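Structure record follows, encoded as structure tokens.
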Amino acid sequence: MTLIKRVGKALAVIVVVLAVSGFIGHRYVNYVEKQQPVVTLAKHPKKVLFFYRDDCPDCQAIFHRIYWHNVISHNVVFINMNQSQNRYYIQQYQLTSVPTLIHGKQRYTGTNQKRIKQIVGD
């Protein structure tokens, strides 16, 4: 077998492995997004609060970016507002829509990547 054929096969295997890994990672993040745990914020002081709904298209548009940021930085608390016990936070944080990010006195509602980056850090 020539060197070119071996390199070609190795590259093909790498591409397939990366594609499968990407698909599995994407499916896992979608699974995490649909979870509806009850969140106790007293356990998470000084973290970025990410209020979202798993059925909200705007929330879905930014969820993956925030999730992968959190894998590295561990500074975001995900609060799915479809969990009825999390709705307590609507009044406490005066939420009017989702997605909403709150970090200290900073607050942003929307999908602008630049503003999200300012809130969650990088």
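Heavy-atom basis, side chains included; hydrogens, waters and symmetry copies ignored. Residue numbers count from 1 along this sequence. These numbers were taken from a predicted model, which means no experiment stands behind them.
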Problem - Residues R115, V120; criterion side-chain contact (heavy atoms from CB on, under 4.5 Å); working and verdict - result: CA-CA 9 Å; R115 290 286 292 132; V120 299; over 6 Å; no
Practice task
Apply side-chain contact (heavy atoms from CB on, under 4.5 Å) to the pair N70 and V48, showing each step before the final yes or no.
Solution key: CA-CA 10 Å; N70 191 57; V48 176; over 6 Å; no
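To the nearest 0.5 Å, atom NZ of residue K117 and atom CZ of residue R65 are 6.5 Å apart. Of the inter-residue distances, the one linking H64 atom NE2 with I62 atom CD1 reads 11.5 Å to the nearest 0.5 angstrom. If you take CD1 on I79 and CZ on R87, they are separated by 14.0 Å, rounding to the nearest 0.5 Å. A distance of 13.0 Å separates OH in Y67 from CZ in F50, rounded to the nearest 0.5 Å. Distance CD1/I66 to CD1/I116: 5.0 Å, rounded to 0.5 Å. Note that CD1 of I119 and CD of Q106 are 4.0 Å apart. Values are rounded to the nearest 0.5 Å.
A continuous path of ILVMFWY side-chain contacts below 4.5 Å connects V71 to L101, so both sit in one hydrophobic cluster.
Checked by atom type, the side-chain pair T100/T109 shows a donor-acceptor distance below 3.5 Å. Side-chain contact annotation: D55 with N82, donor-acceptor N/O pair under 3.5 Å present.
With a 6.0 Å radius and a threshold of 12 heavy atoms from other residues, nucleotides or ligands, Q92 has its CD atom above the threshold.
Side-chain N or O atoms of K47 include one that pairs as donor or acceptor with a backbone N or O of H74 at under 3.5 Å. Listed for the N80 side chain is no donor-acceptor partner under 3.5 Å among the backbone atoms of R53.
Side chains of I90 and M81 form a contact here, defined as non-hydrogen atoms less than 4.5 Å apart.
Ring centroids of F78 and F51 are separated by 6.0 Å or more, keeping the two rings apart.
By the side chain to side chain donor-acceptor pair (under 3.5 Å) test, N75 pairs with H69, S73, sequence neighbours left out.
By the 30° and 60° cut-offs, the orientation of the rings of Y93 relative to Y89 is tilted.
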